[in-house]
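One-based numbering along the sequence shown.
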Amino acid sequence: MATMPELKSPVAVAIEANYSNRQRPADYPTLRCSKIGEPCERSLSYDLRWTTTLTRHEGRMERLFQTGHREEARMIEDLRAIGCKVHAFDMATGKQWRVSFIDGMLTGSADGVIEGVPGAEKTPHLLECKTHNDKSFQEWKRQGVEKSKPMHFFQMQIYMHGLKLERALYLCHNKNTDQVDAERVKYDRKVALTILEKAQRIVSAERLPPKNESFACRWCRHKEVCDGNEWPRMNCRTCIAFEFGGSSEYGRCTLRDTALTLEAQRVGCNDHRWIPDLVPGEQIDVDLDTRKIKYQLTGGIFWTDGDGFKPASPEVEQ
């Protein structure tokens, strides 16, 4: 017997639609500390080069993300209630704690710095608050954050490196049971430097990193571009004449030797030529004088980048 589809009330449908419709998906200008632990460097490069059509989360998921943000504030209140001193903002700037590396190409914002941690009162800690479902929470309890949540572990390492802290407090909330627990994490300079090397490699690479085929590929938002089923978006960051760095706006055009604002990078220009690794086909010829690159696309069609029509994915899914 076929499973009946879930029926939602008009109220639930309207609430979820509101959460979905008010989203404004946008590209991030830099690599993010919260994602640098992602094992697939190709995926991180796709993020940085704005290759893939932006999509809105379904309303339920967007509401779930906001629930996590609200729980973070509650966890900070709980810490203060037991006598901890939580600095949610950088005391020197009055703004959120920020770290920045590789000329501003790897950035992140920490949840806070905490003093007076029970059992380690004299040591200031990076504070990292996370929410988990019960399965994830129990896995973390068994294995610890380094093994169960390596992206969180790497995120804390790079934050500790940037903020010059020797310890982190990983505070977790079980969304199913409301249980709270914590793990103290030690700073590892070797790990932090490895992360910085990885970020530098992605930023400075002229070609895309090799594919990292894994089970996780089926859920990757870049899957269709990576598999050659969709064209990437057309902007300066998908062009062979773009390189990162050289200005406060994270990039420059080597063709014109000009610094590019983020707005200019999104618009691109008529001299755009795809990074060959982004084209769903094989490069077969290059004319350096005219800057034309010939490809044999999937299916056997010949196409020249620089001869008029340039296929591209839309910027935002409607």
Side-chain angles (χ1 to χ4, degrees), residues 25-55 65 95-111 126 128 130 149-164 168 187-212 214 216-217 219-223 225-226 232-233 235-254 259-266 268 275 277-278 315:
D27 299 295
Y28 206 78
T30 69
L31 290 171
R32 292 177 289 170
C33 294
S34 59
K35 288 199 66 179
I36 196 61
E38 159 69 55
C40 180
E41 293 188 17
R42 194 178 184 95
S43 175
L44 291 168
S45 185
Y46 284 143
D47 283 339
L48 187 61
R49 292 191 177 275
W50 305 343
T51 63
T52 304
T53 298
L54 297 168
T55 59
F65 295 148
K95 299 179 180 179
Q96 191 171 14
W97 295 93
R98 297 275 300 171
V99 295
S100 178
F101 308 95
I102 314 175
D103 295 327
M105 289 308 305
L106 173 64
T107 61
S109 301
D111 291 339
L126 169 78
E128 188 61 38
K130 297 293 186 185
K149 296 294 177 185
M151 286 182 64
H152 296 173
F153 176 76
F154 292 135
Q155 179 183 5
M156 287 187 286
Q157 290 296 334
I158 201 65
Y159 283 159
M160 283 189 281
H161 184 76
L163 297 176
K164 296 180 172 55
Y187 167 63
D188 188 325
R189 176 178 169 79
K190 184 177 179 180
V191 171
L193 294 179
T194 299
I195 294 170
L196 292 179
E197 289 173 2
K198 175 182 180 180
Q200 181 65 66
R201 187 164 59 245
I202 293 169
V203 169
S204 59
E206 294 183 359
R207 301 198 60 174
L208 294 180
K211 289 189 178 184
N212 181 27
S214 73
C217 291
W219 294 293
C220 179
R221 77 182 191 94
H222 304 296
K223 177 175 173 54
V225 170
C226 191
R233 289 154 53 198
N235 58 65
C236 287
R237 294 191 175 202
T238 57
C239 177
I240 58 175
F242 178 85
E243 67 177 22
F244 292 103
S247 81
S248 60
E249 293 286 11
Y250 318 110
R252 62 185 291 272
C253 174
T254 60
L260 297 166
T261 66
L262 290 176
E263 182 180 358
Q265 291 172 37
R266 294 187 178 98
I275 296 171
D277 290 341
L278 292 174
E315 183 173 350

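- For R233 (side chain) and T51 (main-chain N/O), no donor-acceptor pair under 3.5 Å exists by modelled atom type.
- The closest donor-acceptor contact from the side chain of R49 to the backbone of R237 lies under 3.5 Å.
- When every heavy atom of L260 is checked against every heavy atom of C236, the shortest pair comes out as CD1-SG, 4.0 Å.
- Using a 4.5 Å cut-off on side-chain heavy atoms (C-beta onward), L106 and V99 make no contact.
- Taking 4.5 Å as the limit, some side-chain heavy atom of L208 sits within range of a side-chain heavy atom of R42.
- The minimum heavy-atom distance linking M105 with L48 is given by the pair CE-CD1, 3.8 Å.
- Within the model, atoms CD of Q265 and SG of C253 stand 10.5 Å from one another, a figure rounded to the nearest 0.5 Å.
- The shortest non-hydrogen separation linking E206 to I275 is O-CG2, 4.2 Å.
- For the pair T107/Y28, a side-chain contact is recorded, criterion being any heavy-atom separation below 4.5 Å from C-beta on.
- What you find for L126 and A110 is that their closest heavy atoms are CD1-CB, 3.7 Å.
- Remark: T194 OG1 to D188 CG distance equals 8.0 Å, nearest 0.5 Å.
- The CD atom of E243 lies 4.5 Å from the CZ atom of R252; values are rounded to the nearest 0.5 Å.
- S34 OG to Y159 OH: the interatomic distance, rounded to the nearest 0.5 Å, is 5.5 Å.
- Scanning all heavy atoms of the two residues, the minimum distance from A199 to I36 falls at CB-CD1, 4.0 Å.
- For D277, the side chain to side chain donor-acceptor pair (under 3.5 Å) partners are R207, not counting sequence neighbours.
- T254 contributes a side-chain N or O that, together with a main-chain N or O of A241, makes up a donor-acceptor pair within less than 3.5 Å.
- The CE atom of M160 sits 10.5 Å away from atom CD of Q155, with the distance rounded to the nearest 0.5 Å.
- Residues passing the side chain to side chain donor-acceptor pair (under 3.5 Å) test with E41, sequence neighbours excluded: R201.
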If you apply the rule side-chain contact (heavy atoms from CB on, under 4.5 Å), what do you find for W50 with T238, and how did you get there?
CA-CA 7 Å; W50 305 343; T238 57; 5.8 Å; no

Quick one, R221 with D47, criterion side-chain contact (heavy atoms from CB on, under 4.5 Å). Give me CA distance, side-chain angles, the key distance, then yes/no.
CA-CA 10 Å; R221 77 182 191 94; D47 283 339; 3.3 Å; yes

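- In this structure, the separation between CD on E197 and CD1 on I202 is 12.0 Å, given to the nearest 0.5 Å.
- A donor-acceptor pair is defined here as one N or O able to donate and one able to accept, closer than 3.5 Å; no such pair exists between the side chain of Q200 and the backbone of I102.
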Worked verdict on D27 versus L54 for side-chain contact (heavy atoms from CB on, under 4.5 Å)
CA-CA 8 Å; D27 299 295; L54 297 168; 3.5 Å; yes

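- Within the 4.5 Å cutoff, the side chain of T30 has no heavy atoms near those of the F244 side chain.
- Considering only residues two or more places apart in sequence or on other chains, E128 meets the side chain to side chain donor-acceptor pair (under 3.5 Å) condition with K130.
- What you find for R98 and S109 is that their closest heavy atoms are NH1-OG, 2.7 Å.
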Could you go through L193 and H161, starting from their C-alpha distance and side-chain angles, then the distance that decides it, and tell me whether this counts as side-chain contact (heavy atoms from CB on, under 4.5 Å)?
CA-CA 9 Å; L193 294 179; H161 184 76; 4.1 Å; yes

